[in-house]
Enquirer: 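I'd like to ask you about the structure that follows.
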Amino acid sequence: MIRGSNIAEVEVESLGLDVKKKILQSAIQNPTAVIRELNNRSLFHFIGYFWQVVSTQDFKSNWHIEYMCKQLEDIAHRVGNRLPREHDLIINIPPGSTKTITCSIMFPVWCWTKWPWMRFITASYSGALALESADMCRDLINSPQFKSIYPDISIREDKNTKSNFKILKSKINSLGKFEGYEWGGSRYSTSVGGTLTGFHGDILIVDDPINPQQAVSELELSNANRWMEQTLPTRKTDKAVSTTILIMQRLHQNDPTGHLLSKNKGNIRHICIPGEIRTYAHIVRPSELVKYYKNDLMDPNRLDWKVLEDLMRDLGQYGYAGQIGQDPTPPG
């Protein structure tokens with residue numbers, strides 16, 4: 001497992017029999033509280049628990065999902081505790097790796113269950129794609145399954161659109177009595193290059209800022225890079241705390257990942273997870289992630305060798321190198 005030994009299990013094992021019985025009895029009497037606590041402790045657990053709300057497919061666990069969750073959790077806890085930003089985050093990973101559900105749909109909701117005041121700005125190369133993720137985020141919050149665990153989190157009725165919705169947090173006193181609402185955070189969604197005037201975010205998420213067609217256009221690349229570098233950073237709520245997360249497949253040497261890394265700013269954590277390491281082991285960042293690959297594959301369930309061979313034929317050598325290998329070396 002990515003996290004190593006389970007400290008909670010070690011602590012439970014060290015308890016006396018009577019204490020263990022009390023814990024078990026409490027869990028049986030209040031299972032909702034147990035589920036909520038497990039979800040609060042782990043974004044990965046949260047995703048697994050609510051997966052069927054946002055997907056018709058069965059949840060397929062893999063190490064890269066848990067690793068991404070850990071990186072997102074670290075950022076959320078720093079922002080949630082209003083600590084100075086250590087770094088912005090770039091994650092490069094192949095398409096079809098559950099990145100959008102993890103980062104753009106589940107992650108903001110998980111944050112709101114802990115820090116309902118958080119404000120998010122989310123963007124993608126397409127406004128429609130950004131709105132689709134936002135809509136699935138709303139569907140999760142409005143679902144009976146979510147409300148059964150988090151009845152205190154809801155969406156303001158007067159601020160409830162795909163592009164811009166706000167969170168409400170119910171105030172409950174020590175006796176369990178409802179005492180009104182606290183105004184919570186928000187999610188504003190737009191396209192890369194779209195307007196952000198008047199909006200600010202504690203966490204800024206950019207999910208696939210360009211698509212393969214845009215990557216062949218120097219103008220489209222330049223526009224995306226300029227928006228990422230000059231517009232988005234000005235929208236941070238607190239310049240010392242707010243954090244940007246860029247998650248994407250590589251498509252060009254000068255795509256937003258390549259452009260930002262070329263600046264050598266020193267305040268970017270770069271995670272790079274190619275789909276296979278027979279060819280791309282040197283691309284893996286951090287390098288110790290190589291040990292999680294099985295049969296040289298990042299995810300044998302989603303991207304086995306048969307799937308990758310088909311993608312090589314469909315994408316060609318250059319497309320495969322970028323989208324799967326995260327190494328967009330120009331042809332020739």
Side-chain angles (χ1 to χ4, degrees), residues 72 75-76 78-85 87-91 99-100 102-142 153-169 181-210 214 220 222-248 256 259-260 267-268:
L72 298 174
I75 287 175
R78 291 197 68 85
V79 174
N81 290 294
R82 306 184 193 277
L83 298 175
R85 180 179 67 258
H87 53 73
D88 289 326
L89 178 67
I90 295 177
I91 300 177
K99 67 178 178 60
T100 294
T102 299
C103 194
S104 297
I105 298 172
M106 294 285 199
F107 176 56
V109 182
W110 181 80
C111 289
W112 286 322
T113 66
K114 301 168 70 64
W115 307 283
W117 50 265
M118 275 192 187
R119 291 189 284 178
F120 288 83
I121 291 176
T122 60
S124 185
Y125 67 84
S126 161
L129 185 61
L131 293 180
E132 178 70 13
S133 294
D135 201 29
M136 294 176 73
C137 189
R138 288 196 312 166
D139 288 344
L140 173 58
I141 296 172
N142 290 327
I153 303 296
S154 60
I155 298 175
R156 282 180 55 176
E157 292 184 2
D158 61 332
K159 289 289 185 179
N160 187 5
T161 66
K162 290 183 180 181
S163 62
N164 184 18
F165 61 85
K166 295 189 175 182
I167 300 300
L168 282 178
K169 166 74 172 177
Y181 292 104
E182 298 176 9
W183 301 130
S186 61
R187 174 173 181 152
Y188 177 74
S189 300
T190 186
S191 61
V192 170
T195 179
L196 288 175
T197 303
F199 295 96
H200 293 83
D202 300 298
I203 297 179
L204 289 62
I205 301 172
V206 181
D207 183 356
D208 280 337
I210 57 173
Q214 294 171 324
E220 294 283 5
S222 177
N223 289 340
N225 289 336
R226 186 181 304 110
W227 187 86
M228 287 288 305
E229 190 172 45
Q230 298 181 14
T231 300
L232 191 63
T234 67
R235 300 296 91 197
K236 291 182 175 180
T237 303
D238 184 334
K239 303 299 187 291
V241 175
S242 301
T243 303
T244 299
I245 299 168
L246 169 61
I247 185 165
M248 63 178 292
H259 180 77
L260 291 173
N267 63 343
I268 295 175

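Residues take their numbers from the sequence shown, with the count starting at 1.
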Enquirer: Less than 4.5 Å apart, side chain to side chain, heavy atoms only: is that true for Phe120 and Cys111?
Expert: yes
Enquirer: Return the minimal non-hydrogen interatomic distance between Pro209 and Gln214, and the atom names on each side.
Expert: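 Scanning both residues completely, I find the closest heavy atoms to be O-OE1, 4.1 Å.
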Enquirer: Nearest 0.5 Å please: distance from the CE atom of Met136 over to the CD1 atom of Ile105.
Expert: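 Answer for the CE-CD1 pair, Met136 versus Ile105, is 4.0 Å.
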Enquirer: Could you give all pairs that pass the side chain to side chain donor-acceptor pair (under 3.5 Å) test and reach residues 102-117, with sequence neighbours left out?
Expert: Ser104-Asp207
Enquirer: Please check this pair: side chain of Thr244 against backbone of Asp88, looking for a donor-acceptor N/O pair closer than 3.5 Å.
Expert: no
Enquirer: Which pairs would a plain distance check flag for residues 161-169, meaning a side-chain donor or acceptor within less than 3.5 Å of a matching protein atom at least two apart in sequence or in another chain?
Expert:
| residue | atom | partner | partner atom | Å |
| --- | --- | --- | --- | --- |
| Thr161 | OG1 | Asn164 | N | 3.2 |
| Thr161 | OG1 | Asn164 | O | 3.0 |
| Lys169 | NZ | Asp152 | OD2 | 2.3 |

Enquirer: Looking at residues at least two apart in the chain, or sitting in another chain, which of them share a side-chain contact (heavy atoms from CB on, under 4.5 Å) with Thr195?
Expert: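 For Thr195 the side-chain contact (heavy atoms from CB on, under 4.5 Å) partners, ignoring immediate neighbours, are Tyr188, Thr197.
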Enquirer: Ignoring hydrogens and angles, state whether a donor on the side chain of Arg226 or Ser222 is under 3.5 Å from an acceptor on the partner side chain.
Expert: yes
Enquirer: Under a 4.5 Å cut-off applied to non-hydrogen side-chain atoms, are Val192 and Ile210 in contact?
Expert: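 No - every pair of side-chain heavy atoms lies 4.5 Å or more apart.
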Enquirer: Considering non-hydrogen atoms only, spot the tightest contact between Leu204 and Gly201 and give its length.
Expert: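 Heavy-atom minimum between the residues: CD1-O, 3.3 Å.
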Enquirer: Return the set of residues passing salt bridge (Lys or Arg N to Asp or Glu O under 4.0 Å) with Glu229 (not counting sequence neighbours), or none when no residue passes.
Expert: Lys263
Enquirer: Start with the C-alpha gap between Arg187 and Ser133, add the side-chain angles, then the distance that decides, and say whether side-chain contact (heavy atoms from CB on, under 4.5 Å) holds.
Expert: CA-CA 11 Å; Arg187 174 173 181 152; Ser133 294; 3.7 Å; yes
Enquirer: Ignoring hydrogens and angles, tell me if any N or O in the side chain of Ser191 forms a donor-acceptor pair with the backbone of Gly193 under 3.5 Å.
Expert: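 Here the side-chain-to-backbone pair does not exist.
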Enquirer: Please tell me if the side chains of Met228 and Val206 come closer than 4.5 Å, counting only heavy atoms from C-beta onward.
Expert: yes
Enquirer: How far does CD1 of Ile203 sit from CD1 of Ile75, to the nearest 0.5 angstrom?
Expert: 7.0 Å
Enquirer: Once salt bridge (Lys or Arg N to Asp or Glu O under 4.0 Å) is applied, do any residues pair with Arg138, and if so which ones, sequence neighbours excluded?
Expert: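 Result, salt bridge (Lys or Arg N to Asp or Glu O under 4.0 Å) vs Arg138: Asp135.
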Enquirer: I'd like to check the side-chain contact (heavy atoms from CB on, under 4.5 Å) partners of Asp208; sequence neighbours left out, ordered by chain and number.
Expert: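 In terms of side-chain contact (heavy atoms from CB on, under 4.5 Å), with neighbours along the sequence ignored, Asp208 is linked to Lys99, Ser124, Tyr125, Met248, Gln249.
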Enquirer: Between Thr243 (side chain only) and Val241 (backbone N and O only), is there a donor and an acceptor less than 3.5 Å apart?
Expert: yes
Enquirer: Which value, rounded to the nearest 0.5 Å, describes the distance between Asn142 atom CG and Asn160 atom CG?
Expert: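 With rounding to 0.5 Å, CG (Asn142) is 6.5 Å from CG (Asn160).
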Enquirer: In Å, rounded to the nearest 0.5 Å, how long is the span from CD1 of Ile121 to OG1 of Thr190?
Expert: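 Separation between the atoms: 9.0 Å.
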Enquirer: Tell me whether Arg119 contacts the main-chain N or O of Asp202 through its side chain, where contact means a donor paired with an acceptor under 3.5 Å.
Expert: no
Enquirer: Distance-only, no hydrogens or angles: does the Ser189 side chain make a donor-acceptor pair with backbone N or O of Leu131 under 3.5 Å?
Expert: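 Here the side-chain-to-backbone pair does not exist.
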Enquirer: Between atom CD1 of Ile205 and atom CG of Leu232, what is the distance when rounded to the nearest 0.5 Å?
Expert: 11.0 Å
Enquirer: SG of Cys103 to CG of Leu89: how many Å apart, nearest 0.5 Å?
Expert: 7.5 Å
Enquirer: Got a donor-acceptor contact below 3.5 angstrom from the Arg78 side chain to the Leu83 backbone?
Expert: no
